[in-house]
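Let me begin by presenting the structure, written as structure tokens, before commenting on it.
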Amino acid sequence: MNDLIITNARLIDGTGSQPRDNVTITVRGGRIEAVRAGGEQTDGEGADVIDVGGRTLLPGLINAHCHVTMNAGADPFAYTKNTSLPTLLLHSLKRCQQMLEAGITTARDLGGYEYVEMALRDAFAAGDWPG
């Protein structure tokens, strides 16, 4: 994994502080190493540099109550029971991917079906799939 330098960002750090404009964030080994004011870029030789054009960065969001094996239809329980496990797994994986793309980096599933949600959890933890 290459180091990453993100420039020209508006940062909401999740502490309750006011957003900070025009910051530079250095990421090494997948972890934030430094947050600097302005366009300072003092280190990072060989790093990938992304100018985000003033877009906002914020910590990952948390979904504290979800059911990835259920759909949003009129009867999610019937959908879950009447869908084959391979299809249910693929649909659940798609829901997890949609949550991640929406900025949710932590999700607490409060009940699934046939341990599909546990299989997904284990695949994410093993790095087999982004999650």
Side-chain angles (χ1 to χ4, degrees):
M1 171 184 292
N2 284 348
D3 293 339
L4 177 64
I5 297 175
I6 302 168
T7 63
N8 193 17
R10 180 172 200 254
L11 178 67
I12 297 173
D13 64 16
T15 66
S17 299
Q18 290 296 312
R20 295 168 51 191
D21 291 317
N22 195 27
V23 299
T24 297
I25 298 119
T26 302
V27 180
R28 291 196 194 286
R31 298 212 178 259
I32 296 173
E33 180 181 88
V35 177
R36 296 182 181 86
E40 294 178 35
Q41 185 183 324
T42 58
D43 54 356
E45 195 170 309
D48 293 330
V49 178
I50 300 173
D51 181 336
V52 295
R55 289 182 178 88
T56 302
L57 300 180
L58 67 151
L61 303 172
I62 298 171
N63 183 341
H65 185 149
C66 68
H67 301 275
V68 298
T69 60
M70 296 181 190
N71 71 3
D75 191 348
F77 295 107
Y79 159 81
T80 300
K81 286 177 50 178
N82 296 323
T83 303
S84 72
L85 279 178
T87 300
L88 190 64
L89 176 64
L90 291 172
H91 288 179
S92 299
L93 180 59
K94 182 177 181 181
R95 281 187 201 86
C96 290
Q97 186 176 18
Q98 290 169 333
M99 285 193 294
L100 186 60
E101 290 171 358
I104 297 169
T105 59
T106 302
R108 184 177 74 163
D109 191 297
L110 294 171
Y113 186 73
E114 294 292 331
Y115 301 102
V116 166
E117 73 286 359
M118 303 303 227
L120 288 170
R121 176 203 60 194
D122 294 346
F124 298 148
D128 296 333
W129 194 266

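Treat the numbers as computed from the prediction; the structure is a model and nothing was measured. Only heavy atoms go into these numbers, but all of them, side chains included; no hydrogens, no water, no symmetry mates.
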Nearest-0.5 Å distance that lies between atom CG in Leu89 and atom CG in Leu120: 5.0 Å
I'd like to check Asn8 versus Asn22 (side-chain heavy atoms, cut-off strictly below 4.5 Å). Are they in contact? yes
Applying side-chain contact (heavy atoms from CB on, under 4.5 Å), run through Tyr113 and Met70 and close with a yes or a no. CA-CA 9 Å; Tyr113 186 73; Met70 296 181 190; over 6 Å; no
To the nearest 0.5 Å, how far apart are CD in Glu33 and CD1 in Ile5? 9.5 Å
Minimum-distance pair of heavy atoms, taken over all atoms of Ala107 and Cys66: CB-SG, 4.0 Å
Verify the cluster assignment for Met99 and Val116: are they in a single hydrophobic cluster under the rule of side-chain heavy atoms below 4.5 Å apart? yes
More than 12 heavy atoms from other groups under 6.0 Å of CD on Glu101: yes
Under 3.5 Å donor-acceptor, Arg10 side chain and Thr56 backbone: no
If hydrophobic clusters are built by linking Ile, Leu, Val, Met, Phe, Trp and Tyr wherever their side-chain heavy atoms come under 4.5 Å apart, do Ile12 and Val27 end up in the same one? no
Exactly one of Ile32, Val52, Thr7 clears side-chain contact (heavy atoms from CB on, under 4.5 Å) with Ile25, and that residue is Ile32
Going only through I, L, V, M, F, W and Y residues with side-chain contacts under 4.5 Å, is there a path from Leu90 to Leu88? no
To the nearest 0.5 Å, what is the distance between CD1 on Ile50 and CD1 on Ile6? 6.0 Å
Indicate yes or no for a side-chain donor-acceptor contact from His67 to the backbone of Gly111 under 3.5 Å, with no hydrogens or angles considered. yes
Kindly compute the distance separating OG1 (Thr105) from CG (Leu61), expressed to the nearest 0.5 Å. 7.0 Å
Which heavy atom of Val68 sits nearest a heavy atom of Asp109, and at what distance? N-OD2, 2.9 Å
Quick check: is Leu100 connected to Ile104 through a chain of hydrophobic side chains (ILVMFWY, heavy atoms under 4.5 Å apart)? no
List the atom of Cys96, the atom of Phe124, and the distance in Å for their closest heavy-atom pair. CB-CZ, 3.7 Å
Less than 4.5 Å apart, side chain to side chain, heavy atoms only: is that true for Thr26 and Asp3? no
Interatomic distance, Asp13 atom CG to Arg20 atom CZ [nearest 0.5 angstrom]: 7.0 Å
Quick check for you: to the nearest 0.5 Å, what is the distance between Asn71 atom CG and Thr83 atom OG1? 7.5 Å
Short side-chain donor-acceptor distance under 3.5 Å, Arg95 and Thr69: no
